[in-house]
There are 2 protein chains.
Amino acid sequence: MRTFETVLAQIEQRIAADGLTVGDRLPGERQLAEQLQVSRSSVREALRVLETLGVVSSQVGRGPDAGAVLTSRPDGTLADLLRLNLGLTTMSAREVLDTRLMIERWSAARVTSAPAEMTEALAAMDAAASPEEFVTHDIAFHVALTDAAGNRLLSAVMRALRDALVSNAVEAVRRLGHTDDLQADHRRIHAAIESGDGAEAVEAVTAHLARAYENVFH
Amino acid sequence: MRTFETVLAQIEQRIAADGLTVGDRLPGERQLAEQLQVSRSSVREALRVLETLGVVSSQVGRGPDAGAVLTSRPDGTLADLLRLNLGLTTMSAREVLDTRLMIERWSAARVTSAPAEMTEALAAMDAAASPEEFVTHDIAFHVALTDAAGNRLLSAVMRALRDALVSNAVEAVRRLGHTDDLQADHRRIHAAIESGDGAEAVEAVTAHLARAYENVFH
DNA sequence: AGACCAAATATGGTCAGACCATACACCTAC
DNA sequence: GTAGGTGTATGGTCTGACCATATTTGGTCT
């Protein structure tokens with residue numbers, strides 16, 4: 001096993017053992033190297049891997065207290081990874097939409113009260129001045145719905161899709177020219193969830209995404 | 001921008017420009033460093049990132065022709081990433097099963113003929129001598145079903161879950177003591193797909209996984 | 001006493017050069 | 001022609017150095 005891999009394992013183990021959470025800092029590179037009895041190069045390669053994985057993030061300067069800070073970022077990295085592994089090209093719009101429909105139907109059936117993020121996103125969409133702004137809050141609305149369902153795995157996938165969803169949706173909204181129908185859908189979804197009517201919520205989500213399919217594929 | 005990040009970009013660009021594909025090799029670390037006018041350390045950090053992303057893989061020795069070889073490996077890396085980002089602990093069995101049920105129902109509804117991998121896995125399960133062996137082919141059966149549905153994103157997620165699924169299932173099979181019921185389920189799923197009966201296939205998958213829920217949560 | 005600015009310091013980022021174990025290529029001996 | 005030894009380039013690791021940056025410190029002026 002290569003040295004930096006053992007360093008990786010020891011850092012992971014240390015994070016778990018010390019109960020470090022987001023915002024906490026690891027020792028500096030030099031200090032880590034001395035503690036683990038390896039060279040700084042090996043520590044750096046391990047940190048680079050952790051950074052790629054979205055676990056830590058390094059900043060220069062940063063006074064004499066510490067180094068890499070624990071981050072939580074299941075978004076960008078996952079998206080990068082999916083993009084790279086799925087043939088280096090963009091995922092097809094149909095793959096993204098199918099996956100999204102599946103996750104959102106599942107979520108809608110399980111969420112029994114709308115989280116604050118959903119309500120806020122709804123208001124933000126009303127106030128939006130541009131398609132970009134509208135769509136940003138649109139997707140936030142749907143991500144919030146998924147988060148509320150409490151499956152972290154599905155939340156991670158949904159967040160990974162965010163960028164792809166936004167670019168698809170912006171184009172569709174531009175073509176559509178207005179957002180009235182979409183907002184009506186959103187209010188219907190929101191109301192169904194608030195009233196705890198799972199079946200109606202699933203139906204509302206399905207209808208909403210059926211509209212999305214139409215807009216994207218026509 | 002840090003040096004290794006520009007190296008990263010240049011390597012990616014080079015891969016695209018030269019049309020390199022799986023199996024092709026990059027220049028050696030020293031040669032790359034000289035070509036890009038950076039130190040070998042920076043090249044190594046970039047390669048480490050690419051390795052983490054599952055794009056390349058390095059081997060020592062390997063004669064005087066070249067270094068990192070282009071790989072395609074959507075599995076392990078994604079699983080690592082999900083594990084690390086989902087709180088550094090193992091995902092809950094319920095999250096895994098829920099996700100799996102969702103993906104497999106979706107797939108069963110769309111696949112209209114069983115791929116060779118499914119048929120082979122079925123035979124391999126009959127011949128299996130241990131729970132581990134049985135479960136390995138069991139999961140292969142389900143992964144093959146998902147692959148056949150043609151959504152690369154869902155395939156990637158399913159593969160990422162493979163390890164977790166295997167360990168869950170091995171335990172369950174041990175407790176059960178036999179695999180007759182499971183194989184009957186598999187044959188029902190296989191037959192439904194071969195006959196192109198989507199609704200029956202979904203039903204068969206649902207029944208099969210309901211059994212899995214029982215075994216895991218009781 | 002308080003506000004402000006400059007030097008000291010520690011950090012991550014990068015570099016250069018060295019050594020090791022390994023795996024392939026080549027060449028020799030049979 | 002084959003078997004075995006040797007050479008060589010590779011990735012992996014280490015050491016030690018320098019740089020730019022950001023925080024800390026300590027002094028200076030008000």
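Chain letters run A, B, ... following the sequence lines, proteins first, then strands; residues in each count from 1. Keep in mind it's a predicted model, so treat the numbers as computed, not measured.
Per the geometry, CD belonging to Glu34(A) stands 14 Å off P belonging to dC14(D), to the nearest Å. Residue Glu5(A) contributes atom CD, which lies 13 Å from atom C1' of dT13(D) at whole-angstrom precision. Rounding to whole angstrom units, CD of residue Glu29(A) and P of dG12(C) are separated by 5 Å. Between Arg44(A) atom CZ and dC14(D) atom P the separation is 15 Å, expressed in whole Å. Atom CZ in Arg25(B) sits roughly 13 Å away from atom P in dA23(C) (whole-Å rounding). One atom, CZ of Arg2(B), and another, C1' of dT21(D), lie 14 Å apart when rounded to the nearest Å. In this entry the distance linking CZ of Arg30(B) with P of dC19(C) reads 13 Å, nearest Å. The distance between atom CD of Gln59(A) and atom P of dT23(D), rounded to the nearest whole Å, is 9 Å.
Put simply, the side chain of Val22(B) does not reach to within 4.5 Å of the side chain of Thr71(B), judged on heavy atoms.
Checked against side-chain contact (heavy atoms from CB on, under 4.5 Å), Glu104(A) has the following partners two or more places apart in sequence or in another chain: Arg100(A), His142(A), Leu145(A), Thr146(A), Met158(A), Val205(A), Leu209(A).
Put simply, CZ on Phe4(A) and CG on Leu50(A) are 10.5 Å apart, with the number rounded to the nearest 0.5 Å. With rounding to the nearest 0.5 Å, the separation of CG in Leu20(B) from CD1 in Ile15(B) is 6.0 Å.
Counting non-hydrogen atoms under 4.0 angstrom, Ser41(B) reaches a base of the nucleic acid.
Not one side-chain nitrogen or oxygen of Arg40(A) sits closer than 4.0 Å to the OP1 or OP2 atom of dA17(D).
Set against dC15(C), dG12(D), dC14(D), the side chain of Ser39(B) has dC15(C) as its closest nucleotide.
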